[in-house]
Amino acid sequence: EVAAFPQGEVHKATYQLRHKDAWRTTDSTGLIYLFSEDGTTYSALSAVCTHLGCNVHIHEEGGFRCPCHDAYFAPDGEVVSGPPRRSLVRLETKIEAGIVSVLI
Ligand code: FES
C-alpha cells in the first residue's frame, strides 16, 4: 500500500517470484528499492548489481553500494564508481486503488 512507502525516503521491498516452464517450477525472492518525491508517482530500482548480481544496499550518504566489489550507484541508479558498466535496472511502476505495483 502507498501508505507503507512515504515520500522522500528510499524503501526496501522484497518480492517472491514463481517461474514455471514445461517441467519444473522455480521459486525465488528478490529485492527492490522504491522512492517517491511526491507520493503520487514512484520510481523503482532493482537491487541486483549489474556487475555480477550481488544485492546493493542503501548507502548512508545516499545512493547504493554493492558490497561485492565496492561499486557505488547514485540515487537514480547511475554508476558512480566501481566495475559495473550499466546502471541499476529501473522497473515500471503504477498505482491503482492505493496499491503500488512494480513490474519485475
Ligand atoms: Fe556488484 Fe561486482 S557484483 S560490484
Side-chain angles (χ1 to χ4, degrees):
E1 294 183 18
V2 171
F5 305 106
Q7 66 193 62
E9 302 170 33
V10 178
H11 302 278
K12 183 165 49 171
T14 58
Y15 62 86
Q16 296 179 333
L17 197 61
R18 174 163 288 172
H19 178 79
K20 293 182 181 181
D21 65 18
W23 291 279
R24 62 184 173 164
T25 300
T26 307
D27 292 324
S28 61
T29 59
L31 181 65
I32 61 171
Y33 292 104
L34 272 175
F35 178 79
S36 177
E37 289 186 9
D38 57 12
T40 59
T41 58
Y42 280 82
S43 298
L45 293 172
S46 167
V48 177
C49 179
T50 53
H51 179 225
L52 294 178
C54 295
N55 277 340
V56 300
H57 303 286
I58 297 172
H59 193 275
E60 64 268 6
E61 295 175 9
F64 305 93
R65 180 180 172 274
C66 179
C68 293
H69 306 101
D70 204 25
Y72 179 67
F73 297 87
D76 64 357
E78 293 295 319
V79 178
V80 175
S81 64
R85 293 176 181 239
R86 293 178 292 121
S87 58
L88 296 175
V89 174
R90 185 169 295 275
L91 303 167
E92 188 178 322
T93 64
K94 70 177 179 181
I95 300 175
E96 285 181 343
I99 304 292
V100 183
S101 298
V102 179
L103 180 63
I104 305 296

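Each ligand, and each atom within it, is numbered from 1 in the order the structure gives. Remember, it's a predicted structure, so these values are computed and weren't measured experimentally.
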* **SB check E92 K94 (cutoff 4.0 Å)** => no
* Checking only N/O/S atoms, does C68 have one that is under 2.8 Å from atom 1 (Fe) of ligand 1? -> no
* Short N/O/S contact of C54 with atom 1 (Fe) of ligand 1 (below 2.8 Å) -> no
* Is atom 2 (Fe) of ligand 1 less than 2.8 Å from at least one N/O/S atom of H69? -> yes
* Asked: Is H51 close enough that one of its N/O/S atoms sits under 2.8 Å from atom 2 (Fe) of ligand 1?
  -> yes
* To do: Mark yes when over 12 heavy atoms from residues, nucleotides or ligands other than E9 sit less than 6.0 Å from its CD; otherwise mark no.
  => yes
* To do: Using a strict cut-off of 4.0 Å, indicate which atoms of ligand 1 neighbour a heavy atom of A71.
  => 4 (S)
* Are any non-hydrogen side-chain atoms of V2 and V100 less than 4.5 angstrom apart? -> yes
* Structure fact -> So the angle subtended at atom 1 (Fe) of ligand 1 by C66 atom SG and C49 atom SG, rounded to 10 degrees, is 110°
* Ring geometry between Y72 and H59 (parallel below 30°, tilted from 30 to 60°, perpendicular above 60°) -> perpendicular
* What protein heavy atom sits nearest atom 3 (S) of ligand 1, and how far away is it? -> L52 N, 3.3 Å
* Structure fact -> Closest heavy-atom pair, H11 versus P6, reported as atoms and distance to 0.1 Å, is NE2-O, 2.8 Å
* In this structure, which one of V102, V48, T93 forms a side chain to side chain contact (heavy atoms under 4.5 Å, CB included) with I32? -> V102
